[in-house]
Structure formats: structure tokens, C-alpha cells
Amino acid sequence: MELEDRKSKILTAIIRNYLETGEPVGSRTISKFTDLQLSSATIRNEMADLEEMGLIIQPHTSAGRIPTDKGYRFYVDQMMEARKHEFDDEKKLLLQRVDRMEAALKQLAKVLAANTNYATLVSAPTYAQNKIKFVQLSRVDVAKILAVIMTQGNIVKSTFVDLNEDIPEDDVLKLNVLLNASLNGLSVDEINIHVISGLKAEAKDLSAVVEPVLTAIAQAVTGDKEEPQIYTSGTTNIFKYPELSQSSSATELIGAFEEKQPLNELVLSSMNKEGIQVYIGEESPFENLKDCSVVTANYDLGDGLHGIVGIVGPKRMDYERVVGTLHGLKNQLDAIYKEMGTKKITDSGIGKDE
């Protein structure tokens with residue numbers, strides 16, 4: 001259904017106000033709620049047209065209007081279309097940022113290896129907590145719905161939800177509106193008892209459906225995490241140190257850098273540790289790295305986006321220089337991300353002594 005802009009804005013204002021208050025919405029409320037700068041009489045005329053179109057109803061004489069199921073449908077369709085364009089634009093910007101960040105991180109690993117004479121690794125930034133951006137529920141079978149969740153970083157996850165009862169399409173629609181109004185911008189950890197109680201209270205007859213849906217959403221969002229992308233450099237620097245260049249040690253270290261699995265485990269184990277971590281020889285939890293020292297730093301770009309920078313070398317590595325270098329890199333990575341790759345990394349300071 002196509003609506004002229006003025007009617008669309010008035011309908012949207014009615015629905016949003018009704019979702020917030022649960023009370024019929026009058027023309028005076030709409031005149032304050034929109035930027036249309038229309039008189040109450042004009043708004044009443046438009047509301048009469050919307051009523052004739054079946055998008056709103058007047059529950060009783062002299063009352064304001066409330067949305068019909070058809071009105072909810074128009075609102076959700078418009079919202080989803082707007083979100084789709086928003087997500088498409090964000091995805092383009094995100095891909096551009098990722099491309100530039102990937103090039104910057106690869107260059108960073110190379111420069112860091114050249115300036116320290118050790119092997120280096122840099123993990124691409126990932127999200128510590130996935131915040132929910134959008135939820136779409138769709139009825140696929142009797143007592144079964146499909147939940148599609150878009151999270152921070154435009155990551156899409158989906159899961160099926162089995163219910164104890166069948167719910168009609170109109171109720172699924174209302175649940176969509178309610179969930180998006182309540183969960184947008186929240187991480188799973190923030191969906192607490194207070195949020196759940198509020199959702200159940202607003203859902204009324206659908207309160208029994210809220211809990212299994214929220215459980216499914218939480219499981220989908222916090223499911224198996226993808227292994228982080230890791231950029232490495234300086235593997236051949238291992239051969240500069242006799243204690244590491246012995247055939248067995250060198251083979252294990254090079255294997256770790258080529259296969260990436262031990263490095264993935266190192267990154268994941270260091271991700272939630274603040275500051276700089278130093279593993280010396282047997283202190284390393286990874287067999288392939290027990291003949292060397294590993295120093296890692298957790299960099300944080302804000303909004304839950306973080307990653308790991310690591311340096312691998314002999315036990316006699318220059319710890320003071322390495323730790324100082326990683327401290328400096330934390331600030332530089334923040335600047336690189338904010339400028340989205342416009343600031344190039346060169347060997348004019350990274351990894352060098354002050």
C-alpha cells in the first residue's frame with residue numbers, strides 16, 4: 001500500500017504513541033508528536049481518511065484512534081524497508097572499513113616484525129558483545145516460528161522457535177513490533193529480569209511466547225563464535241635465534257604460524273584479559289609455543305570492538321622494548337580505525353625505540 005507522505009507520518013505517529021502509552025491517540029497529541037506543523041482540524045481529516053482505509057479505528061465515540069492489524073502491517077513493512085536500506089548502506093561502509101582495516105593490519109604485522117626482529121600476529125577486531133539491531137519473527141508452521149536476528153556489525157543469525165501453542169500471523173506481527181521496540185541496542189547480557197518482565201507485561205496474552213523466543217534469540221546470538229582473522233609476519237625471524245632454529249622447535253613454531261589454530265587459541269584466550277600478557281616458555285598454555293616467549297596486548301576500539309596484537313620470540317627477547325611497543329600500538333590502532341585506513345602505517349615510528 002502506498003500512502004502520501006503526510007498520511008504516512010500521521011499513521012506512524014499514531015502507532016508509535018499507542019505503543020508507548022496503550023491509549024487511543026487524538027489529533028492534539030499528533031500535532032505535538034510530528035514536525036508537520038498541521039492544525040488539529042487538518043490532522044482529524046487525515047485521520048478520517050486513514051480510518052476509511054482500514055488503518056486505524058476509533059474504539060468509541062469522542063476517543064482518539066488506535067491502529068488496526070492492517071495499520072500495524074503497514075508500519076512494520078515501512079520500518080523493515082527503511083531498515084533494509086539502512087543496513088545496505090551500513091554494509092557498504094562496513095566493507096569499505098574492513099578492507100582498509102585489513103590492509104592496515106597486514107602492514108602493521110610486517111612493520112612490527114621488521115622493527116622487532118621477532119614473529120608477529122595481529123587479529124582483526126571482533127565484537128566482544130553482540131548488540132541486537134533488529135529481530136524478525138515469521139510463522140513457518142503450526143506452533144513454529146523462524147527468528148532472524150541482526151546484530152552489531154550487520155551479522156545475521158537465525159533460529160527456529162518451537163512453541164507450545166499456535167499463534168496467528170497478526171500476533172506474530174505485534175510481537176515483532178514489541179521485540180524491536182524493547183531489544184534494539186541491547187546485548188544478551190542486558191536482557192535482564194526487568195526487561196523480560198516489561199516485555200511480558202506489554203505482550204499481555206502473548207506473554208507465554210516471550211520467554212521461549214528470548215531464549216532462542218540469546219542462544220543464536222551467543223552461539224559458536226567464528227575464529228578470528230589473524231595476520232602474521234616475520235616467521236623467518238625465528239631462524240635468527242639458535243635456540244629456536246633447531247629443527248624441532250622451528251618446525252613447531254612455523255607450523256603454528258602456518259596452521260593458525262594455536263594462534264587462534266592464543267587470541268581467544270587473551271581476548272578477555274586486560275592490558276599486556278607475557279607468557280614465558282612453559283607458562284604458555286600452547287605446546288607449540290613452549291620454547292619461546294609470547295607477549296600479547298588487547299586493543300580496544302570502543303563499542304565492544306577489540307582484538308589482539310602479539311609478538312613471539314626467544315625467551316631472551318627485549319621485554320622492555322616489546323612491552324613499550326605494544327603500549328604505543330594500542331593508541332595507534334584506535335587512530336587507524338577512526339580514520340578508516342586513511343592514515344598509513346610506515347616504519348617511521350612503529351616498533352622503534354623513542
Side-chain angles (χ1 to χ4, degrees), residues 1-94 131-139 147-152 154 156 168-186 195 198-199 201-206 210:
M1 178 185 294
E2 293 291 335
L3 281 184
E4 58 186 67
D5 187 58
R6 192 161 71 179
K7 284 185 174 61
S8 178
K9 287 185 176 182
I10 290 174
L11 176 60
T12 299
I14 291 171
I15 293 175
R16 287 180 177 174
N17 195 273
Y18 182 68
L19 288 174
E20 290 180 6
T21 66
E23 298 291 335
V25 184
S27 57
R28 291 185 62 186
T29 301
I30 298 303
S31 66
K32 299 174 183 178
F33 203 79
T34 69
D35 58 355
L36 291 174
Q37 297 181 339
L38 299 175
S39 66
S40 294
T42 302
I43 293 174
R44 281 195 296 273
N45 290 333
E46 295 289 359
M47 292 171 72
D49 290 343
L50 291 171
E51 191 169 358
E52 285 184 12
M53 298 168 73
L55 297 170
I56 57 176
I57 59 172
Q58 189 174 27
H60 52 81
T61 306
S62 301
R65 269 65 166 187
I66 64 174
T68 64
D69 290 349
K70 187 177 179 182
Y72 279 124
R73 167 53 64 190
F74 177 84
Y75 174 73
V76 170
D77 287 347
Q78 292 291 103
M79 179 180 65
M80 290 178 63
E81 185 64 25
R83 288 293 179 92
K84 180 178 181 299
H85 290 307
E86 176 187 330
F87 293 151
D88 287 344
D89 292 341
E90 287 183 0
K91 186 175 181 181
K92 290 177 184 176
L93 291 174
L94 182 68
K131 292 185 180 293
I132 295 170
K133 295 180 69 174
F134 188 65
V135 177
Q136 174 63 42
L137 304 181
S138 302
R139 187 172 178 274
V148 178
I149 310 104
M150 178 169 282
T151 63
Q152 196 174 31
N154 292 341
V156 178
E169 187 67 37
D170 290 343
D171 285 345
V172 175
L173 177 62
K174 292 174 184 176
L175 200 54
N176 269 319
V177 174
L178 178 60
L179 287 172
N180 281 289
S182 302
L183 302 183
N184 182 268
L186 296 183
V195 173
L199 274 168
E202 291 188 58
K204 297 179 182 177
D205 294 342
L206 297 174
V210 169

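Keep in mind it's a predicted model, so treat the numbers as computed, not measured. We number each residue from 1, following the sequence as shown.
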(message) Restricting to side chain to side chain contact (heavy atoms under 4.5 Å, CB included), what partner residues turn up for A203, sequence neighbours left out?
(response) L178, L206, V210
(request) Under the side chain to side chain donor-acceptor pair (under 3.5 Å) rule, collect the residues that match up with T42, sequence neighbours excluded. (result) S39
(request) Identify the two heavy atoms, one from L11 and one from G71, that lie closest to each other, and give their separation to 0.1 Å. (result) CD2-O, 4.5 Å
(request) Using side chain to side chain contact (heavy atoms under 4.5 Å, CB included) as the criterion, list what pairs up with I57, not counting sequence neighbours. (result) I66, T68
(message) So which atom in V25 and which in Y18 form the shortest heavy-atom distance, rounded to 0.1 Å?
(response) CG2-N, 3.9 Å
(message) If you compare all heavy atoms of E202 against all heavy atoms of S182, which two are closest, and at what distance to 0.1 Å?
(response) OE2-OG, 4.5 Å
(message) Nearest 0.5 Å, please: how far is CD1 in I14 from CG in L55?
(response) 9.5 Å
(message) Restricting to salt bridge (charged side-chain N to carboxylate O under 4.0 Å, His left out), what partner residues turn up for E51, sequence neighbours left out?
(response) R65
(request) Nearest 0.5 Å please: distance from the CD1 atom of I56 over to the CG atom of L50. (result) 4.5 Å
(request) Please report the shortest heavy-atom distance between P59 and P24, naming the atom on each side. (result) CG-CG, 3.9 Å
(request) Mind checking side chain to side chain contact (heavy atoms under 4.5 Å, CB included) for S8 and listing every partner two or more places apart, or none if nothing turns up? (result) L3, T12, F74, Q78
(request) Kindly compute the distance separating CD1 (I30) from OG (S27), expressed to the nearest 0.5 Å. (result) 8.5 Å
(request) Identify, with sequence neighbours excluded, every residue that meets salt bridge (charged side-chain N to carboxylate O under 4.0 Å, His left out) alongside R44. (result) none
(request) Grab the two heavy atoms, one from V172 and one from L137, that are nearest each other, plus how far apart they are. (result) CG1-O, 3.5 Å
(message) Restricting to salt bridge (charged side-chain N to carboxylate O under 4.0 Å, His left out), what partner residues turn up for D205, sequence neighbours left out?
(response) none
(request) Go through the structure and list residues passing side chain to side chain contact (heavy atoms under 4.5 Å, CB included) with E169, not counting sequence neighbours. (result) R73, R139
(message) D170: which residues meet the salt bridge (charged side-chain N to carboxylate O under 4.0 Å, His left out) condition with it, sequence neighbours left out?
(response) none
(request) Could you point out which residue of N184, V135, I149 forms a side chain to side chain contact (heavy atoms under 4.5 Å, CB included) with L179? (result) V135
(request) Mind jotting down which residue pairs meet the salt bridge (charged side-chain N to carboxylate O under 4.0 Å, His left out) criterion with at least one end in residues 174-186? Sequence neighbours excluded, please. (result) D69-K174
(message) Per the salt bridge (charged side-chain N to carboxylate O under 4.0 Å, His left out) rule, what does the pair list look like for residues 12-31, sequence neighbours excluded?
(response) none
(message) Please report the interatomic distance CG(L173) to OH(Y75), rounded to the nearest 0.5 Å.
(response) 11.0 Å
(request) Output the distance between atom CG (L175) and atom CG (N180), rounded to the nearest 0.5 Å. (result) 9.5 Å
(request) Return the set of residues passing side chain to side chain donor-acceptor pair (under 3.5 Å) with E46 (not counting sequence neighbours), or none when no residue passes. (result) R6, K7
